[in-house]
Amino acid sequence: MSVPIVIHRPSATGGRRVTIQRQIVGLAHDDHDVVEFLRRAGLPASEQLLDDPGWVQWRGGRAHRYEAA
């Protein structure tokens with residue numbers, strides 16, 4: 001089973017696409033953006049979810065890094 005939240009690789013212009021349950025929820029430029037997307041999706045304590053591999057998968061780059069690829 002895949003994790004519900006995916007933070008995709010950094011784009012060429014910076015930022016990372018964020019999907020929740022395979023739905024694109026936005027382009028994050030920092031952790032605060034991701035936390036806001038998760039809050040809007042109704043996920044509690046979303047700050048703690050960012051480092052939980054059962055909830056979040058960071059693809060194509062280091063976790064918490066958003067600069068251009």
Side-chain angles (χ1 to χ4, degrees):
M1 184 172 164
S2 63
V3 296
I5 303 160
V6 177
I7 303 172
H8 298 268
R9 67 180 178 82
S11 71
T13 58
R16 296 175 88 140
R17 184 169 38 106
V18 178
T19 56
I20 301 174
Q21 298 291 348
R22 298 186 179 130
Q23 298 292 316
I24 299 170
V25 295
L27 183 69
H29 292 280
D30 56 34
D31 285 349
H32 297 289
D33 291 343
V34 177
V35 168
E36 179 61 16
F37 298 149
L38 301 182
R39 185 193 66 78
R40 291 179 187 178
L43 296 168
S46 51
E47 300 86 11
Q48 289 77 26
L49 295 180
L50 294 181
D51 292 314
D52 184 339
W55 280 91
V56 177
Q57 179 182 45
W58 293 83
R59 289 189 184 164
R62 292 180 55 204
H64 310 284
R65 302 299 294 249
Y66 297 86
E67 58 273 346

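Quick note: numbers below take in every heavy atom, side chains included, and nothing from hydrogens, waters or symmetry partners.
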Test side chain to side chain contact (heavy atoms under 4.5 Å, CB included) applied to L38 and V34, step by step: CA-CA 6 Å; L38 301 182; V34 177; 4.2 Å; yes
Shortest non-hydrogen separation from G60 to P10 and the atoms involved: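 Of all heavy-atom pairs spanning G60 and P10, the closest is O-CD, 3.4 Å.
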Heavy-atom closest contact (A68 atom, A12 atom, distance):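 Heavy atoms of A68 and A12 come nearest at CB-O, 3.2 Å.
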Starting at [atom1] of [X], measure out to [atom2] of [Y] and round the result to the nearest 0.5 Å.
X   : Y   : atom1 : atom2 : answer
W58 : D51 : CH2   : CG    : 7.5 Å
I7  : F37 : CD1   : CZ    : 10.0 Å
I5  : Q57 : CD1   : CD    : 11.5 Å
D31 : L50 : CG    : CG    : 5.0 Å

R16 side chain vs R59 backbone, donor-acceptor pair below 3.5 Å: yes
Side chain to side chain contact (heavy atoms under 4.5 Å, CB included), paired with L49, selected from V35, L43, V3: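 That would be L43; it is the only one of V35, L43, V3 passing the side chain to side chain contact (heavy atoms under 4.5 Å, CB included) with L49.
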Only distances under 3.5 Å count here; give the side-chain donor-acceptor pairs of residues 19-29 to other protein atoms, sequence neighbours excluded, each with its distance to 0.1 Å.
from, atom 1, to, atom 2, distance (Å)
T19, OG1, H8, NE2, 3.1

Residue W55 excluded, over 12 heavy atoms near CH2 under 6.0 Å: no
